[in-house]
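By convention here, the first residue in the shown sequence is residue 1. The figures here come from the full heavy-atom set of this structure, side chains too, leaving out hydrogens, waters and symmetry mates.
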Amino acid sequence: LKIMDNTKTTAVESTAKISYQFTAVPTKLMMLLDNNCRSMLFTLIQLSSCYANEDGYFFRSNSDLQAESNLSKNLVIVTIDTLYTNGIVDVKCSGNKCKKIANYYKLNFDKILEYENISLEDTKNPDNKITTLKYKNSDYVPSYKTAKETATKTAKETATDTAKSEHQKPQKVNTNIDSINL
């Protein structure tokens with residue numbers, strides 16, 4: 001017991017000597033992620049701790065994330081999609097300016113805490129592992145982009161349908177008794 005107390009004291013004294021901020025990471029969730037997703041989540045956690053607004057969102061281009069996470073362009077997109085589909089991060093697409101896709105990100109701390117509540121033994125179970133989505137085919141589109149497009153299309157279709165119904169001319173009804181089929 002005394003040895004443990006000395007080790008704790010030494011660790012506390014050592015961290016007090018470090019002059020920069022540590023980034024806290026969810027240990028059990030990190031154990032569940034493959035290396036690519038782990039790198040991206042660490043990057044997003046670090047950026048969130050520095051840049052998140054009052055709503056928890058922060059802005060980053062994919063090229064910035066590529067540089068900060070040491071992942072390729074395609075891996076940035078697919079790892080964000082993997083984290084998105086697992087509910088760990090929320091993504092608001094803000095467009096494609098100068099071929100640099102820029103998005104707003106928000107960590108879902110409630111979902112992260114759910115992962116932290118699993119046992120250490122469960123982190124070793126291969127069925128619980130979170131691996132990067134398959135993206136090698138040329139027609140891969142991240143789900144956070146299709147969700148935005150679907151929402152945009154639905155909103156446009158609803159507006160179009162409403163406009164059509166408001167401006168739709170009443171149908172002509174033939175009241176000629178001779179034209180009625182009996």
Could you tell me which non-hydrogen atom of [X] sits nearest to which non-hydrogen atom of [Y], and how far apart they are?
X	Y	answer
Y140	I77	CE2-CG2, 4.3 Å
K28	E116	N-OE2, 3.0 Å
R38	M30	NE-O, 2.9 Å
P26	I112	CB-CG2, 3.6 Å
V89	I80	CG1-O, 4.0 Å
S69	V76	OG-CG2, 4.1 Å

Main-chain N/O of L44 paired with S48 side-chain donor or acceptor, under 3.5 Å:
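Between the backbone of L44 and the side chain of S48 there is no qualifying donor-acceptor contact (under 3.5 Å).
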Any donor-acceptor N/O pair, N103 side chain to V91 backbone, under 3.5 Å:
no
Rounded distance (nearest 0.5 Å) linking atom [atom1] of [X] with atom [atom2] of [Y]:
X	Y	atom1	atom2	answer
N74	K136	CG	NZ	7.5 Å
D127	D122	CG	CG	10.5 Å
L75	N62	CG	CG	12.0 Å
L71	C37	CG	SG	9.0 Å
F59	D64	CZ	CG	8.0 Å
N108	L83	CG	CG	11.5 Å

Under a single-linkage definition using a 4.5 Å side-chain heavy-atom cutoff for Ile, Leu, Val, Met, Phe, Trp and Tyr, are L113 and L33 assigned to the same hydrophobic cluster?
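They do not share one cluster, since no chain of ILVMFWY contacts under 4.5 Å joins L113 to L33.
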Any luck finding a side-chain donor-acceptor pair between D34 and T131 under 3.5 Å?
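Absent: no donor and acceptor within the cut-off.
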If we only count heavy atoms from C-beta on, is the [X] to [Y] side-chain gap below 4.5 Å?
X	Y	value
N36	M40	no
L65	L47	yes
L120	M31	yes

Of the options Y57, Y104, Y105, which is the one that meets D90 in a side chain to side chain donor-acceptor pair (under 3.5 Å)?
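By the side chain to side chain donor-acceptor pair (under 3.5 Å) criterion, D90 pairs with just one of Y57, Y104, Y105: Y57.
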Residues two or more places apart in sequence or in another chain: which of them pass side-chain hydrogen bond (donor to acceptor under 3.5 Å, both in side chains) with E68?
R60
Listed by chain and number, what are the side-chain contact (heavy atoms from CB on, under 4.5 Å) partners of N86, not counting sequence neighbours?
T82, I88, Y115, I130
